[in-house]
Amino acid sequence: NYTVRASGPSDTLTEWYDNAFDGFNADVIAITQSGSEITGIDFALDSPGTITGTITDADGVPLVGVVVEAQPLGDAEFLSTATDANGFYELIGVAPVDYRIYAFADPFVNVVPQFFPGVSKRADAEIVTGTLSGAVTGIDFELPEGAIISGTVTAEGSGAPLFDIEVVVESEEFDIDRSVYTDDNGDWTMRGLPTGDDYTVRFIDGNDTYLSEFYEDSPRRSGATPVALQQGSTTANIDAALTAAASIAGRVVDEQGNGI
């Protein structure tokens, strides 16, 4: 069984036979005999639509450079763009399928990423349906001020700052799993976090020189100390002193004692 897809120039949509805009709804073509020829698998490619709107902060100030994504519910093309100086965005190449619209700013800006119409959870997003050759307008929403969390990672015993340690901040409630890395001073900061749930913080050395741990000094998630955040405030001193990892070495030989 086969599905057939056709892609044309940029002013047309990618389509699956027969007149479907994602693979889930494509017609299946069965080829049951070797050497057989199936004809009439024709396409008339449609012109795409657009989705437009404006992104602002909680005070109504336009946000420039915010990335806006159209995330299809099926396997249609994933779309993205960025807001201009007026906070306006236009997503092009839109198919007549269902999307979630998601917006997020630069990680140095303390605003919370949101799904349309202004919610933090994917499950709460309002579905936006595209249209052929037309515009879906007014998909506006604001990104509220977030919370900030920060700390320092050092080596246990010496207190030396540790560079390039991955710090993972997680919230099951908001389906958040974000990472930052420590700088030369062992410092790290994460911005734009929603409030209303406790966070788990984990410290990971990708070089395995130091043991990973959860805040506060726990090797296991079950022993992690939850961290509560406040909107517009910085929760500081979420620090870690990582323990140097031990190593195990040995030699593998065959029955004659030769190294393998």
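Below, all heavy atoms of this structure are taken into account, side chains as well, without hydrogens, waters or symmetry copies.
For the side chain to side chain donor-acceptor pair (under 3.5 Å) test, residues two or more places apart in sequence or in another chain that qualify with D197 are S171. The side chain to side chain donor-acceptor pair (under 3.5 Å) test applied to S179 returns E166, not counting sequence neighbours. Every residue two or more places apart in sequence or in another chain that forms a side-chain contact (heavy atoms from CB on, under 4.5 Å) with N237 is listed here: D239. In this view, T243 and E156 satisfy the side chain to side chain donor-acceptor pair (under 3.5 Å) rule, not counting sequence neighbours.
Residue pairs that meet the ring-ring contact (aromatic ring centres under 6.0 Å, His included) test with at least one member in residues 218-245, sequence neighbours left out, do not exist here. Sequence neighbours left out, not one pair with a member in residues 223-258 passes ring-ring contact (aromatic ring centres under 6.0 Å, His included).
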Could you go through residues 115-129 and list every donor-acceptor pair under 3.5 Å that involves a side-chain atom there, pairing it with any protein atom two or more places apart or in another chain?
{"residue": "S120", "atom": "OG", "partner": "Q114", "partner atom": "NE2", "Å": "2.9"}
{"residue": "K121", "atom": "NZ", "partner": "E173", "partner atom": "OE2", "Å": "2.2"}
{"residue": "R122", "atom": "NH1", "partner": "Q71", "partner atom": "OE1", "Å": "3.0"}
{"residue": "T129", "atom": "OG1", "partner": "D98", "partner atom": "OD1", "Å": "2.6"}

Atom pairs and distances, donor-acceptor, side-chain atoms in residues 246-259, under 3.5 Å, two or more places apart:
{"residue": "D254", "atom": "OD1", "partner": "Q256", "partner atom": "N", "Å": "3.0"}
{"residue": "D254", "atom": "OD1", "partner": "G257", "partner atom": "N", "Å": "3.1"}
{"residue": "D254", "atom": "OD1", "partner": "N258", "partner atom": "N", "Å": "2.8"}

For residues 25-50, tabulate all N or O donor-acceptor pairs below 3.5 Å that involve a side-chain atom, not counting sequence neighbours.
{"residue": "N25", "atom": "ND2", "partner": "D22", "partner atom": "OD1", "Å": "3.1"}
{"residue": "S36", "atom": "OG", "partner": "Q33", "partner atom": "O", "Å": "2.8"}

Mind listing the side-chain donor-acceptor pairs of residues 73-81 below 3.5 Å, one per line with the distance, residues two or more places apart or on another chain?
{"residue": "D75", "atom": "OD1", "partner": "G23", "partner atom": "N", "Å": "2.6"}
{"residue": "D75", "atom": "OD2", "partner": "G23", "partner atom": "N", "Å": "3.4"}

Show me the donor-acceptor pairs, under 3.5 Å and distance only, between side chains in residues 83-92 and residues at least two apart or in other chains.
{"residue": "T83", "atom": "OG1", "partner": "L63", "partner atom": "O", "Å": "2.6"}
{"residue": "T83", "atom": "OG1", "partner": "G65", "partner atom": "N", "Å": "3.0"}
{"residue": "T83", "atom": "OG1", "partner": "V66", "partner atom": "N", "Å": "2.9"}
{"residue": "D84", "atom": "OD1", "partner": "N86", "partner atom": "N", "Å": "2.8"}
{"residue": "D84", "atom": "OD1", "partner": "G87", "partner atom": "N", "Å": "3.2"}
{"residue": "D84", "atom": "OD1", "partner": "F88", "partner atom": "N", "Å": "3.0"}
{"residue": "Y89", "atom": "OH", "partner": "I139", "partner atom": "O", "Å": "2.7"}

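When all heavy atoms of F214 and A224 are compared, the pair lying nearest together is CB-CB, 3.7 Å. Here the closest non-hydrogen pair linking A147 and Q230 is CB-O, 3.3 Å. Contact record, D198 with P226: CB-CB, 3.7 Å, taken as the closest heavy-atom pair. Of all heavy-atom pairs spanning G130 and V136, the tightest one is CA-CG2, 4.3 Å.
Between the CZ atom in F141 and the CG atom in L143 there is a gap of 6.5 Å [rounded to 0.5 Å]. Atoms CZ and CH2, from R5 and W16 in turn, are 5.0 Å apart once rounded to the nearest 0.5 Å. With rounding to the nearest 0.5 angstrom, the CD1 atom of I101 is 9.5 Å from the CD atom of E69. Atom CZ of R220 sits about 13.5 Å away from atom OG of S212, to the nearest 0.5 Å. One finds the CG atom of D57 at 11.0 Å from the CG atom of N110 (value rounded to the nearest 0.5 Å).
Looking at heavy atoms from C-beta onward, S7 lies out of side-chain contact with T12 at the 4.5 angstrom threshold. In this structure, the side chains of T56 and V61 stay at 4.5 Å or more apart for every pair of heavy atoms. Counting heavy atoms from C-beta on, the side chains of T152 and P161 never come closer than 4.5 Å. Residues R178 and P113 have side chains in contact (heavy-atom distance under 4.5 Å, counting atoms from C-beta outward).
Ion pairing between a basic and an acidic side chain is recognised when a charged N comes within 4.0 Å of a carboxylate O; R221 and E170 show such pairing.
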For this session: Show the numbers, then the answer: is there a side-chain contact (heavy atoms from CB on, under 4.5 Å) between L132 and L13?
Result: CA-CA 9 Å; L132 290 175; L13 286 168; 3.5 Å; yes

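Using modelled atom types, no side-chain atom of N207 and backbone atom of T209 make a donor-acceptor pair closer than 3.5 Å. With T182 contributing its side chain and D164 its backbone, the two residues share a donor-acceptor pair below 3.5 Å. The backbone N or O of A236 sits nowhere less than 3.5 Å from a side-chain atom of T234 that would complete a donor-acceptor pair.
Clustering of Ile, Leu, Val, Met, Phe, Trp and Tyr side chains at separations under 4.5 Å places I165 together with I149, V153, L162, V167, V169, F174, I176, V180, W188, M190, L193, Y199, V201, F203, Y210, Y215, V227, L229, I238, L242.
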